[in-house]
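Written out below as structure tokens is the structure these notes cover.
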2 protein chains.
Amino acid sequence: MEYIINIRPALYNKGYRITGQRQQIIRILDKATDHQSAYKIYEELRKMNHRVSIATIYRTLDLLVELNFVRRIDRHKQPSVYELADPGKGPTVKVHLICRKCNQVQDISSSLSVMFNDLVGKAQLYHEFSIEPQAISLRGLCAKCRVESARGN
Amino acid sequence: MEYIINIRPALYNKGYRITGQRQQIIRILDKATDHQSAYKIYEELRKMNHRVSIATIYRTLDLLVELNFVRRIDRHKQPSVYELADPGKGPTVKVHLICRKCNQVQDISSSLSVMFNDLVGKAQLYHEFSIEPQAISLRGLCAKCRVESARGN
DNA sequence: CCACTTTTTGAAATAAATTGCAGAAAGTTC
DNA sequence: GAACTTTCTGCAATTTATTTCAAAAAGTGG
Ligand SMILES: [Mn+2]
Ligand SMILES: [Mn+2]
Ligand SMILES: [Zn+2]
Ligand SMILES: [Zn+2]
């Protein structure tokens with residue numbers, strides 16, 4: 001909620017401009033309860049009669065990901081989806097389970113999430129590679145789809 | 001080495017056909033010491049006067065990934081690269097460090113790799129989600145690029 | 001508010017990845 | 001190996017994502 005309040009000065013301090021488009025895009029992500037694709041954000045804004053191009057959505061999401069305000073969740077052969085990263089609050093790496101059949105995106109439990117973070121921290125130290133807050137996508141089959149594909153189909 | 005020997009019967013048993021294109025693509029992956037992109041494989045085969053289309057390369061890689069013979073390493077804004085998965089040999093999930101500046105792909109140490117695998121196993125049990133052997137991409141800055149971006153530029 | 005510099009934007013072009021479809025090749029049965 | 005069935009391939013079309021570039025907007029300092 002009111003995430004825009006935190007991002008605005010952060011953008012400003014780095015010399016990025018506070019444009020209407022950027023604010024609207026952040027607002028959409030902030031209000032959303034589920035993960036959003038670039039195109040979904042685009043449609044949403046057009047519905048509200050805001051003037052944006054899809055290119056701006058992609059560029060803004062790229063920027064927010066680079067600044068670690070947003071995580072990109074990569075689904076193969078499906079458009080990526082995005083979520084706010086809430087820096088400061090807990091683990092920075094979030095793990096998602098992506099079903100390769102129904103494309104559903106599921107968050108991993110928070111305790112496992114903490115363990116993943118610890119491990120990523122170790123990898124960072126060992127390899128002297130600064131890993132950035134982000135989404136890890138684990139692909140596979142969800143319980144429902146596994147049952148379905150087990151019995152034929 | 002001679003990886004094709006293992007894949008051939010596996011394909012056959014699942015009703016997939018052993019085509020010249022598939023065998024050549026597997027051979028390229030097998031001989032390669034580094035990670036290969038679809039286009040690189042395409043060029044390689046054309047150089048050797050093999051008749052293939054880029055669409056077939058993509059389709060074959062998709063198939064091999066689905067059958068867990070190959071891992072897809074996703075790099076954002078750069079074509080994905082691929083490596084043989086060597087099922088049977090050790091951990092099934094491999095973690096890669098991808099530098100967002102120079103796009104270099106680095107393998108994680110094998111001991112950390114084992115730890116990641118254990119954790120992925122736990123996630124699989126807890127969420128009743130069958131996670132498939134694959135590549136996890138961790139994005140960030142490699143040591144070299146971090147130094148460079150630290151001093152201006 | 002005006003003049004000025006720098007960043008950002010939309011629209012269109014381009015690039016990368018995917019898909020539809022008709023012909024070709026693989027596998028099967030005699 | 002001919003006839004037959006099924007899968008696969010190449011090509012072209014399409015979709016999705018990215019980039020280019022001139023015009024617009026944001027920020028700065030009168
Ligand atoms: Mn999530
Ligand atoms: Mn590797
Ligand atoms: Zn599913
Ligand atoms: Zn680098």
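Numbers restart at 1 for each chain; the letters A, B, ... are given by sequence-line order, proteins then strands. Note that the structure is a prediction, hence the values are computed from the model and not measured.
For the pair B:Asp62 CG and C:dT19 P, the interatomic distance rounds to 8 Å; values are reported in whole Å. Separating the OH atom of B:Tyr42 from the P atom of C:dT18 is a distance of 16 Å, rounded to the nearest angstrom. The separation between A:Gln23 atom CD and C:dT7 atom P is 19 Å, rounded to whole Å. Rounded to whole angstrom, the span from the CD1 atom of A:Ile25 across to the P atom of C:dT9 amounts to 7 Å. Across the protein-nucleic acid pair, B:Gln78 atom CD and D:dT18 atom P stand 11 Å apart, rounded to whole Å. The distance between atom NE2 of A:His50 and atom P of C:dG10, rounded to the nearest whole Å, is 12 Å. Taking atom CZ on B:Arg46 and atom P on D:dG10, their separation rounds to 8 Å, with Å as the unit. Regarding B:Ile57, its CD1 atom lies at a distance of 13 Å from the C1' atom of C:dA17, rounded to whole Å.
Formation of a donor-acceptor pair under 3.5 Å by the A:Ser80 side chain with backbone atoms of A:Arg72 is not found in this model.
Under a 4.0 Å N-O distance rule, the pair A:Arg71/A:Glu83 qualifies as a salt bridge.
A:His76 has no side-chain polar atom (N or O) that falls below the 4.0 Å cut-off from OP1 or OP2 of C:dA17.
Contact check for A:Val70 versus A:Leu84: side-chain heavy atoms found under the 4.5 Å cut-off.
Of the candidate nucleotides D:dG10, D:dC8, D:dG27, D:dG10 has the atom nearest to the side chain of B:Thr56. For B:Tyr16, the listed nucleotide lying nearest its side chain is D:dC8; candidates were D:dC8, C:dT19, D:dA26. Set against D:dA12, C:dT9, C:dA26, the side chain of A:Thr19 has C:dT9 as its closest nucleotide. Relative to the side chain of A:Gln21, the nucleotides C:dT9, D:dG10, C:dG27 differ in distance, and C:dT9 lies closest.
Backbone-only engagement by A:Tyr12 is indicated by non-hydrogen atom pairs under 4.0 Å involving sugar-phosphate atoms exclusively. Contact annotation for A:Ile54: no contact, since no heavy-atom pair falls under 4.0 Å across all strands.
Between B:Tyr58 and A:Arg51, the residue anchored nearer the 5' end of DNA chain C, judged by the nucleotide with its closest heavy atom, is A:Arg51. If you find the closest nucleotide of DNA chain C to B:Gly20 and to A:Val52, the one lying nearer the 5' end belongs to A:Val52.
Between B:Phe116 and A:Phe116, the ring-plane angle classifies as tilted under the 30° and 60° cut-offs.
Judged by distance alone, with hydrogens and angles left aside, B:Arg59 brings a side-chain donor or acceptor within reach of the base of C:dG20, the pair sitting under 3.5 Å. Side-chain atoms of A:Arg17 come within donor-acceptor range of the base of C:dT6, with a qualifying N/O pair under 3.5 Å.
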Please report the C-alpha distance between B:Arg139 and A:Asp74 in whole Å, then the side-chain angles of each, then the deciding distance to 0.1 Å, and finally whether the salt bridge (Lys or Arg N to Asp or Glu O under 4.0 Å) criterion is met. CA-CA 12 Å; B:Arg139 292 178 63 79; A:Asp74 178 79; over 6 Å; no
